[in-house]
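Report on one structure; see the data block that follows.
Per chain, numbering begins at 1; letters A, B, ... match sequence-line order.
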Number of protein chains: 2
Amino acid sequence: MIEIRPLSGIGEIAGGCDLAAELADAAARTGLLPCAQDILVVTQKIVSKAEGRLVDLRRIEPSPEAQRLAGVTSKDPRLVELVLRESTDVLRAAPNVLITRHRSGVVLANAGIDRSNLGSADGDSALLLPEDADQSARRLHEALAARWGSAPGVIVSDSFGRPWRMGVVNVAIGAWALPALIDRRGQRDRDGRPLEVTQIAFADLVASAAGLAMGEAAEGVPAALVRGLAPEGSACAAAALVRPLEEDLFR
Amino acid sequence: MIEIRPLSGIGEIAGGCDLAAELADAAARTGLLPCAQDILVVTQKIVSKAEGRLVDLRRIEPSPEAQRLAGVTSKDPRLVELVLRESTDVLRAAPNVLITRHRSGVVLANAGIDRSNLGSADGDSALLLPEDADQSARRLHEALAARWGSAPGVIVSDSFGRPWRMGVVNVAIGAWALPALIDRRGQRDRDGRPLEVTQIAFADLVASAAGLAMGEAAEGVPAALVRGLAPEGSACAAAALVRPLEEDLFR
C-alpha cells in the first residue's frame, strides 16, 4: 500500500527561512518520522520563497520584445520581461498563452513564474522558479539527513498545463535521492517481446500523487510525504525528465 | 491521508469476460470493500481485452499511406494501418514516433495501440483502445454498483509520453462518477487575486497516483483502489480532459 500524507500547518515562508526546519517541524506535528524510503514532495512555491526568488515588478523595465509579446498575449509587459529573462526560447505566444523553454530546459507556461498566494495584495510581486530545482532538492535532502540521520528523497513539484489535455498536473522540476526517471530499456514482457514502455517518469507520478494531497487554493498544503514506494533503478535528478532539444518534435 | 492499494491476483483477461466480476473478486481477495468515495483505476489493457479489442495483424492490409508512414517511422505497416483507422489526424511521424489524434480526440502515440503482454508470443496481435473509454468506465461503475449497492468512481488509465518530458505517465482516458476535471475558475487566492491555476486534471492525477501501484512489466498489476480523496465539483467524464481542437497550438 502507498500512503500520501499532507504536511499541514506550514505557515507563510519568508526569503532566507530555514525550509528544512519548517518541514521537519511540520512532519513532527503530523506525527511522522520520514525515512529514507519515503519521498517528500515540496511545492516549488515555498522553495522559491525560501530561496528569495520574489521579484518586485515595479523594478522591471520591459524590453521592446517584451512589450510586443505582452500585446500578443495580453499579459503584463513586466511579467513578460521576466519570462524572457528566465527563458532560452519562446515556443508559442497567443492570447493568454506564453509557452517558453526555461533556462533549465523545461518547457512550460510563463517560465513557471507565479503570481498567486504571494502574500502581497498589491499584485506587484512575481515568484521565479528556483535557480536549480535539483540542487534545491539536494540541499533539502542533505539538511534533513543531517537532522534525522537519514532522509527521504525530495521532489520539488510544480503544476504544468499540457498541449492536448485540459487542466494542470503536478510534475517534478527538482528531485534528489530517488530515480526521477526509471529506465527499463532491455527488459521484456511476459511473452518475451521487448517492452514498449521503457521509461517511466517516476518523479512526475509521485509529484502528481502528492498533488492530490496538496492544493492550489487558499487551503493549499505545500508539502506531502509519500510512503510505501519501492522504485527500481538508481537515483537520478529531475534533469533526466527534460527531453533533449534535438528530440523535440513540437518546437 | 490518501491510500493507494493495488488489486493483485487478476489473471489473464479474455475477450467477453465479466471484468466487473474479476475486479470485485480481486477486491475481495485484497480484503477491500470499495465505497462510493473511493476511485477504482483500471488499466486500458484489461478493459480493451475484456471488450474484445484484440486484432490479428495478419488480417490487416496496409494502405499505400500506411506503407509510406511505416517507412518514415520504421514501424510495422499493418500496425500503422490500424493507427490510421483509429485516428482522425497525424500530428508527427518521425523515426520510431507516430503521434496521432485518436477518434476520441485524445492525442497520443500509435493511437494507443498496444503490443506488449498480449499473451501471444507470435507478435501478430495488437490491442486497440476501448471504443469509448468513458462508457467503459460507466459500465464498470454500474456493474459494481449493482453488485455492491454503491460503487467507487472508475478511471480507465493509459500511459502516455509527453512532447517535452522523458518517460511516460499514467493518464485517464475514461472516467465515470468523479470530477475528471476540477474547475476553479472564479475562485481567488489568499490575497484576493484570481487563481492562476483554475482547472485541475484530477482524473489524470489519480491515474498517475494509481500508476505507482501498478506497472507495465511482467509483474504488472492492472487495477488499484485510491481511497481518501475528496474532490470538489461535480462529476464529469474524461472527455472533459481533451483540449478542444481549436485550442491546439501544437498541431
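Of the listed residues A:Leu91, A:Ile4, A:Asp183, the one with more heavy-atom pairs under 4.5 angstrom with chain B than any other is A:Ile4. When each of A:Glu3, A:Met1, A:Arg165 is checked for heavy-atom pairs under 4.5 Å with chain B, A:Arg165 comes out on top. Annotation: maximal heavy-atom pairing with chain B below 4.5 Å, among A:Glu247, A:Arg162, A:Arg101, occurs at A:Arg162. Residue with the most contacts toward chain B among A:Val169, A:Val97, A:Leu249: A:Leu249 (heavy-atom pairs, distance under 4.5 Å).
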Trace of the salt bridge (Lys or Arg N to Asp or Glu O under 4.0 Å) decision for B:Arg251 with B:Asp89: CA-CA 9 Å; B:Arg251 262 181 255 190; B:Asp89 196 12; over 6 Å; no
Stepwise salt bridge (Lys or Arg N to Asp or Glu O under 4.0 Å) test for B:Arg53 and B:Glu86: CA-CA 12 Å; B:Arg53 301 286 288 159; B:Glu86 288 281 290; 3.6 Å; yes
Salt bridge (Lys or Arg N to Asp or Glu O under 4.0 Å) evaluation trace for A:Asp158 with A:Lys45: CA-CA 8 Å; A:Asp158 199 359; A:Lys45 186 166 295 190; over 6 Å; no
Derivation and outcome, side-chain hydrogen bond (donor to acceptor under 3.5 Å, both in side chains), residues A:Lys75 and A:Asn96: CA-CA 7 Å; A:Lys75 289 176 182 282; A:Asn96 300 312; 5.9 Å; no
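Near-neighbour residues of residues 102-109 of chain A relative to chain B, defined by a heavy atom under 4.5 Å from a heavy atom of that chain, comprise A:Val106, A:Val107.
Heavy atoms of B:Arg227 lying under 4.5 Å from chain A are absent altogether. For chain A, the nearby part of B:Leu181 is the side chain; its heavy atoms alone come within less than 4.5 Å. Only the side chain of A:Ile99 comes within less than 4.5 Å of a heavy atom of chain B; its backbone N, CA, C and O stay farther away.
A donor-acceptor pair is defined here as one N or O able to donate and one able to accept, closer than 3.5 Å; such a pair exists between the side chain of A:Ser48 and the backbone of A:Leu128.
A search for salt bridge (Lys or Arg N to Asp or Glu O under 4.0 Å) contacts involving B:Asp56 returns B:Arg58, not counting sequence neighbours.
No side-chain heavy atom of B:Val226 sits less than 4.5 Å from a side-chain heavy atom of B:Asp38.
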